[in-house]
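Only heavy atoms go into these numbers, but all of them, side chains included; no hydrogens, no water, no symmetry mates.
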Protein chains: 2
Amino acid sequence: MLTIFARCRVHYDGRAKSELGSGDRVILVKPDGAFLVHQSKKREPVNWQPPGSFVTVEVREGLVVLRSVRRKPKEILEVELEEVYLASLFNAEDYEELALTGSEAEMAEMIFRNPELIEPGFKPLFREKQIGHGIVDILGKDGRGNLVVLELKRRKADLHAVSQLKRYVEALEREHGKVRGILVAPSLTSGAKKLLEKEGLEFRKVEPPKKEKLGRGRQKTLF
Amino acid sequence: MLTIFARCRVHYDGRAKSELGSGDRVILVKPDGAFLVHQSKKREPVNWQPPGSFVTVEVREGLVVLRSVRRKPKEILEVELEEVYLASLFNAEDYEELALTGSEAEMAEMIFRNPELIEPGFKPLFREKQIGHGIVDILGKDGRGNLVVLELKRRKADLHAVSQLKRYVEALEREHGKVRGILVAPSLTSGAKKLLEKEGLEFRKVEPPKKEKLGRGRQKTLF
DNA sequence: CCATGGATCTCGACG
DNA sequence: CGTCGAGGTCCATGG
């Protein structure tokens, strides 16, 4: 990894186009082609290039210019180095992957193992099931044999989540009869609650589970 | 800005929970409280804390531990430094803001200045208009006096965009009569096209404009 | 390659 | 502060 502290200008053209005037930034170039330009504020880089991009260095009018090019979509990022304060190369050895818990995927596993979290008699049948217009989180049946669609959210559900659920319910109702739609989340925004009620959809309060023992991130390759 | 190259372990608990075993990473701590841990791959930090978090340093069992705490939601990030290869402090002076063109906001401006991009006789009336369930990009009327909702996307529109548009149309049709919904984007995904047609919604191909002369980012405060 | 949807999304705007 | 939606979103997963 190459890290540079420098006063620089940045030019980007691709999906959009941007200019950034002269100022001090941290530049990070990763071996996979990822390229980051960070100002002294915010979590997000002010400019960047994703992994798979290719870096070159050239001198233009006495200035060193870093140029990162991405194919498909065609994007070009150029950093004019006006004054380099420090440049360092870091050969990072890292064989570890992040192990994370509390995801929506774990909510789904929990519901499959414990369907009464939704309601007594609920039977989950499919996971990530492709239907007419989209991919349903969980498709199952209730105690009376009605088709039930679950839309899971690991955090507070908003209007978008309700629209998503409604789209699935309507797609399924074209082939089957009445279909129940249940939004499963820790909570709802005020607007989501209003729309949910108006559309005749349901809500179950469920928190994403946090495992105590976190496996290695590699575990995911075992499935 | 503080930058550290180190072999470290990372522990996070908050909205989710994660563990990252020992390996070499770049750690970036910004004066606004943003805290980033980067592995040698990907554009995204493997662990982070957003701006507004507070960093402390402590020594635990002979190891230096960086601890970043966020209030609301309560989140804790801890980095155990096992071996520090380099640590540097960079006093970055930067008064420039990014000037970006090609955004959805600029698509909207273009349509207000040039409504026939949608169709002859179209009259845009409101921008970012709050309606029953959400906020409409552009609300206007067509040549025959019908209410028209535009949903703009700066890139290829997907199923999600169609659901959004449909939600707006249905909310408006509760009060007014027939309402036309038009998705305005450079292109559509296959699934979006199918759903759009089934729902009786329309599509107009429009590319986000790229300005030639980019103003300072500050310009946005003038509106 | 495209399509789909999650994310510790982040970020800005508005009420 | 919560709600809402954009984003050069990035990213993994399937077809």
Side-chain angles (χ1 to χ4, degrees), chain A residues 12-18 34 41-51 70 72-77 98 100-105 107-108 128 130-131 133-137 151-161 163-164 167-168 187-194 208 210 220 223, chain B residues 12-18 34 41-51 53 70 72-77 98 100-105 107-108 128 130 133-137 151-161 163-164 167-168 187-194 208 210 220 223:
Chain A
Y12 156 75
D13 198 353
R15 287 168 291 177
K17 187 171 190 278
S18 74
K41 292 176 181 177
K42 304 293 170 204
R43 201 212 74 145
E44 292 301 304
V46 63
N47 280 112
W48 71 91
Q49 206 67 288
R70 177 193 196 185
K72 194 63 182 193
K74 179 77 169 182
E75 298 194 288
I76 299 175
L77 182 66
L98 188 73
L100 185 138
T101 183
S103 63
E104 186 192 286
M107 281 182 74
E128 298 289 323
Q130 175 107 38
I131 59 165
H133 298 284
I135 304 165
V136 151
D137 277 342
E151 174 58 34
L152 312 185
K153 290 295 165 196
R154 66 168 305 286
R155 57 172 184 170
K156 184 183 283 197
D158 58 11
L159 282 176
H160 272 98
S163 290
Q164 204 179 339
R167 164 156 50 94
Y168 301 147
S187 60
L188 286 176
T189 66
S190 50
K193 185 164 186 289
K194 263 183 38 184
K210 285 188 192 175
K220 67 180 173 190
F223 293 97
Chain B
Y12 157 73
D13 197 355
R15 289 168 289 178
K17 187 170 191 279
S18 74
K41 292 178 181 175
K42 305 292 169 203
R43 201 211 74 147
E44 292 301 303
V46 63
N47 281 112
W48 70 91
Q49 205 68 287
S53 309
R70 177 192 197 185
K72 194 65 181 183
K74 179 76 169 184
E75 297 194 288
I76 299 175
L77 182 66
L98 188 74
L100 184 137
T101 184
S103 64
E104 185 191 287
M107 281 181 75
E128 298 289 322
Q130 174 107 38
H133 299 285
I135 303 164
V136 151
D137 278 341
E151 174 58 34
L152 312 185
K153 291 294 164 197
R154 67 168 305 286
R155 58 173 185 170
K156 182 182 284 199
D158 57 11
L159 281 175
H160 188 167
S163 290
Q164 204 179 338
R167 164 156 49 93
Y168 302 147
S187 59
L188 285 176
T189 65
S190 50
K193 185 164 185 290
K194 263 182 40 184
K210 285 188 193 175
K220 65 181 172 186
F223 292 97

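Between A/K210 and the phosphate of C/dT8, there is no side-chain N or O to OP1/OP2 separation shorter than 4.0 Å. Side-chain N/O atoms of A/R43 include none lying less than 4.0 angstrom from OP1 or OP2 on D/dT9. Considering only side-chain N and O atoms, A/S103 lies nowhere under 4.0 angstrom from the phosphate OP1 or OP2 of C/dT8. B/R154 has a side-chain polar atom (N or O) that falls below the 4.0 Å cut-off from OP1 or OP2 of D/dT9. The phosphate of D/dC4 (OP1 or OP2) has no side-chain N or O of B/Y168 nearer than 4.0 angstrom. For the pair B/Q164 and D/dC4, the criterion of a side-chain N or O lying under 4.0 Å from OP1 or OP2 is not met. A sub-4.0 Å separation between OP1 or OP2 of C/dC2 and a side-chain N or O of B/S190 is absent. An OP1 or OP2 oxygen of D/dT3 is reached within less than 4.0 angstrom by no side-chain nitrogen or oxygen of A/R155.
Here D/dG7 presents its P atom at 12 Å from NE2 of A/H160, a figure rounded to the nearest Å. The nearest whole Å value for the distance from the OH atom in B/Y12 to the P atom in C/dA7 is 12 Å. Spacing between atom NZ of A/K42 and atom C1' of C/dG12 amounts to 9 Å, rounded to whole angstrom units. The separation between A/E44 atom CD and C/dC11 atom P is 5 Å, rounded to whole Å. Rounded to an integer number of Å, the gap from B/E128 CD to C/dG15 C1' is 14 Å. Per the geometry, CD1 belonging to A/I135 stands 10 Å off P belonging to D/dG14, to the nearest Å.
Atoms OG and NZ, on B/S190 and B/K156 in that order, are 8.0 Å from each other to the nearest 0.5 Å. We find the CD-CG distance between B/E104 and B/D137 to be 4.5 Å, quoted to the nearest 0.5 Å. Interatomic distance, NZ of A/K210 versus NZ of B/K17, reported as 7.5 Å (0.5 Å rounding).
Here the side chain of B/E128 pairs no donor or acceptor atom with the backbone of B/I135 at under 3.5 angstrom. Between the A/Q164 side chain and the B/H160 main chain, no donor and acceptor come within less than 3.5 Å of each other. Under a 3.5 Å cut-off, the side chain of A/R154 and the backbone N or O of A/G102 do form a donor-acceptor pair.
When each of C/dC11, D/dA6, D/dC4 is scored by its nearest atom to the side-chain atoms of B/K153, the top-ranked nucleotide is D/dA6. The listed nucleotides are D/dC4, C/dT10, D/dT3; the one nearest the side chain of B/W48 is C/dT10. Candidate nucleotides D/dA6, C/dG6, C/dC11 were compared by shortest atom distance to the side chain of B/D137, and D/dA6 ranks first. Set against C/dA3, D/dG8, D/dC11, the side chain of A/P51 has D/dC11 as its closest nucleotide. The side chain of A/K156 has D/dG2 as its nearest neighbour among D/dG8, D/dG2, C/dT8.
A 4.5 Å side-chain heavy-atom check between A/R167 and B/R167 finds every atom pair outside the cut-off.
Looking at A/Q49, its side chain comes within 3.5 Å of the base of D/dG8 through a donor and an acceptor atom. Applying the 3.5 Å distance criterion, the base of C/dT8 shares a donor-acceptor pair with the side chain of B/N47. Between the base of C/dG6 and the side chain of A/E104 there is no donor-acceptor pair shorter than 3.5 Å.
Nearer to the 5' terminus of DNA chain C, by closest-nucleotide assignment, is the contact made by B/D158 (compared with the other of B/R15 and B/D158). Between A/Q130 and A/K17, it is A/K17 whose nearest contact on DNA chain D lies nearer the 5' terminus. Where B/S18 and A/K72 meet DNA chain C, the nucleotide closest to each residue was compared, and A/K72 sits on the side nearer the 5' end.
Taking atom C1' in both C/dT10 and C/dG6, the straight-line distance is 14 Å, to the nearest Å. Nucleotides D/dG7 and C/dG5, compared at atom C1', are 15 Å apart to the nearest Å. Distance noted for atom P between C/dC11 and D/dC11: 16 Å (whole Å).
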